[in-house]
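What you see is a predicted model, and the numbers here were worked out from it, not measured in a lab.
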Amino acid sequence: MRKALRWLLALTVLIGTLSTAGAATAAEPETPAAGTDIKEQLLAIPGMSLIEEKPYPGYRYFVLNYTQPVDHRHPSKGTFQQRITVLHKDVSRPTVFYTSGYNVSTTPSRREPTQIVDGNQVSMEYRFFTPSRPDPADWSKLDIWQAASDQHRIFKALKPIYSKNWIATGGSKGGMTATYYERFYPRDMDGVVAYVAPNDVVNDEDSAYDRFFASVGTKECRDRLNAVQREALVRRESLEKKYAAYAEAEGYTFTTVGSLDRAYEAVVLDYVWGFWQYNLLANCGDDELIPPDARTATDDQIWNSIDTVSGFSFYTDQGLEPYTPYYYQAATQLGAPTIHFPYIEKKYVRYGYQPPRNFVPRDIPTKFQPYAMRDVDTWIRHNARHMLYVYGQNDPWGGERFRVDKGAKDSYVLTAPGMNHGANVAGLVAGQKAFATARILDWAGVSAAAVAEAKPLASYDRKLDVRNVEREPALRP
């Protein structure tokens, strides 16, 4: 019965993939005439409209809306406007397809692969992140296949203009997004560069994270962080009074999570995870960030440390609302980590790591699909082609990561020593950095000489090239 169900699921995905490919093909523009302005070429695509164009030296930068089906299996049942941006350099250059897995930034920026290949960059806002949300919102249409189909239609629409090689990329949830896109549409991209992408294959088995926190960094740093986290729970009564005053002053409410008490514990339990996600080992010695002796620290010192690392505003209704699509996906397909706290007495921990269902409004139904991540993991391990995964040694999200097995071709998993959730190719050891850069250039279809030199083709631009880890709440990839 289980084997039959798996075959049925696979057939459903295949049928959906074929039907969406057909719908996208029907809307493809003809190859643009030579000499036509790039704005005219983009706006000639059916369903494409201009929000604004922003100047940037050496580029044209467009913020656009693209009409997408709410349901790619049934394109006639409604549409929505999805934001994308295009950082245009030249149609003769490769193109990088980027998504964060969340909202799209409307400020010109260039991801690492875009700098490496000196190419164009198309960036997509993930469906259901506002304003790219259908109205009314049928949340059952927010899944990894529908989102991959969004990317597929955008690629098919733009490929006649940007005809050279394409590489998909993204960090964290964006790395997951690039992976799922490759799984469902493996013939679209010429390569994939996925940064710090979590891979929660079995949602109920998270012991890898416990092992990570038992060994990351140094014992001195771990003990220091653990002590502050424990102390915040020991002083729960006094610090929750501070939290209540803070929430009242800011107008924060706690309807979704259920209570201020639940929100408080969620923030505190994110603390150690959040530190390693965004900080380096050297930051552990910062006495202003991490009180050196939690037992003698003032309430304000404990509060400020937890707030700086985790953020007391996040588990309020106002903090959670922008990330409802993420938590919905975590509750239905992506899964979420659960870790234990052996250094904190049980009497201080009332809820533990709360499931993502707790962070989704009650009027949005969720049902977990355990086969979704197993399918992706199996496919990547045996079918990956031209895929590069980069992880940070000290990033908690790397505790459960993607792997490539013998069936994979020209695909790799590399780890940047000492790096956090901002790990990138530049942070790899010298030999691996050169190797990874060469593979990206090769997949992009640039000259053999450039591949052999294995260096980024574009000079670093301090405004375009964002290298620091993007600040996000701790338990969100």
Side-chain angles (χ1 to χ4, degrees), residues 32-45 48-66 82-100 102-125 131-132 154-155 157-171 174 178 189-191 193 195 422 424-427 433 436-438 440-441 443-447 449-451 453-471:
T36 306
D37 182 76
I38 186 59
K39 182 192 290 187
E40 294 179 25
Q41 294 182 44
L42 292 170
L43 296 183
I45 297 172
M48 194 74 75
S49 59
L50 180 68
I51 298 175
E52 63 179 324
E53 179 178 356
K54 296 181 178 180
Y56 197 88
Y59 293 89
R60 301 278 296 278
Y61 182 74
F62 304 96
V63 182
L64 304 156
N65 267 334
Y66 184 55
Q82 185 171 40
R83 284 196 308 183
I84 68 172
T85 66
V86 176
L87 183 69
H88 169 82
K89 184 176 181 65
D90 196 290
V91 295
S92 67
R93 301 301 306 162
T95 298
V96 171
F97 200 162
Y98 166 74
T99 174
S100 70
Y102 297 93
N103 294 101
V104 70
S105 171
T106 56
T107 299
S109 66
R110 191 169 63 179
R111 313 317 295 183
E112 187 179 48
T114 312
Q115 184 204 356
I116 288 174
V117 306
D118 191 21
N120 311 289
Q121 181 175 296
V122 175
S123 302
M124 181 191 83
E125 187 160 72
S132 298
I154 292 168
F155 165 71
L158 291 174
K159 179 65 172 178
I161 299 173
Y162 297 105
S163 59
K164 302 301 180 181
N165 289 18
W166 282 61
I167 290 177
T169 194
M189 297 288 104
D190 298 286
V193 184
Y195 298 89
N424 56 16
V425 170
K433 176 182 176 181
T437 302
I440 294 169
L441 290 167
W443 299 339
V446 301
S447 69
V451 174
E453 190 173 0
K455 293 182 179 179
L457 299 182
S459 300
Y460 178 79
D461 184 307
R462 64 183 180 86
K463 291 185 179 179
L464 278 183
D465 297 320
V466 179
R467 288 291 183 264
N468 294 327
V469 59
E470 296 177 13
R471 180 67 201 176

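At a threshold of 4.5 Å between non-hydrogen side-chain atoms, the residues Y98 and T114 do not count as touching. Between Y195 and V425 there is a side-chain heavy-atom pair separated by less than 4.5 Å. Within the 4.5 Å cutoff, no side-chain heavy atoms of P94 are placed close to those of I167. At least one side-chain heavy atom of V117 sits under 4.5 Å from a side-chain heavy atom of I440. A heavy-atom distance below 4.5 Å is found between the side chains of I161 and I38. By the 4.5 Å heavy-atom criterion applied to side chains, L42 and H88 are not counted as neighbours.
In this structure, S105 and Y61 approach most closely via the heavy-atom pair O-OH, 3.3 Å. Summarising the geometry of N165 relative to A444, their closest heavy-atom pair is CB-O, 3.2 Å, with the distance given to 0.1 Å. Here the closest heavy-atom approach between residue A450 and residue L457 is recorded as CB-CD2, 3.8 Å. Contact detail for T36 and Q41: the closest heavy-atom pair is O-NE2, 2.6 Å. Across A157 and P160, no two heavy atoms sit closer than the pair O-CD, 3.5 Å.
Expressed to the nearest 0.5 Å, how far OG1 of T437 lies from CD of E112 amounts to 7.0 Å. L464 CG to S459 OG: the interatomic distance, rounded to the nearest 0.5 Å, is 11.5 Å. Between the CD1 atom of I84 and the CG atom of L158 there is a distance of 5.5 Å, given to the nearest 0.5 Å.
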Passes side-chain contact (heavy atoms from CB on, under 4.5 Å), L64 versus L50? Steps please.
CA-CA 5 Å; L64 304 156; L50 180 68; 3.8 Å; yes
Show your reasoning for whether side-chain contact (heavy atoms from CB on, under 4.5 Å) applies to Q121 and T169.
CA-CA 10 Å; Q121 181 175 296; T169 194; over 6 Å; no
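Counting non-hydrogen atoms of other residues, nucleotides and ligands closer than 6.0 Å to NZ of K159 gives a total above 12. K54 NZ: more than 12 foreign heavy atoms inside a 6.0 Å radius.
Under a 3.5 Å cut-off, the side chain of Q115 and the backbone N or O of P456 do not form any donor-acceptor pair. In terms of modelled atom types and a separation under 3.5 Å, the side chain of S123 and the main chain of T85 share no donor-acceptor contact. Using modelled atom types, no side-chain atom of N120 and backbone atom of V91 make a donor-acceptor pair closer than 3.5 Å. Remark: side-chain polar atoms of R60 are not paired, donor with acceptor, to backbone N or O of V86 under 3.5 angstrom. Not a single donor-acceptor pair under 3.5 Å links the side chain of R111 to the backbone N or O of G170.
For the 3.5 Å distance criterion, the side chains of R110 and Y59 qualify, holding a donor opposite an acceptor. At a cut-off of 3.5 Å, with distance as the only test, a side-chain donor of D461 or Y56 sits close to an acceptor on the other residue.
With respect to F155, the ring pair (Phe, Tyr, Trp, His ring centres under 6.0 Å) criterion is satisfied by exactly one of Y162, F97, W166, Y66: W166. When T106, T99, N103, N65 are each tested for a side-chain hydrogen bond (donor to acceptor under 3.5 Å, both in side chains) with E125, only one passes: N103.
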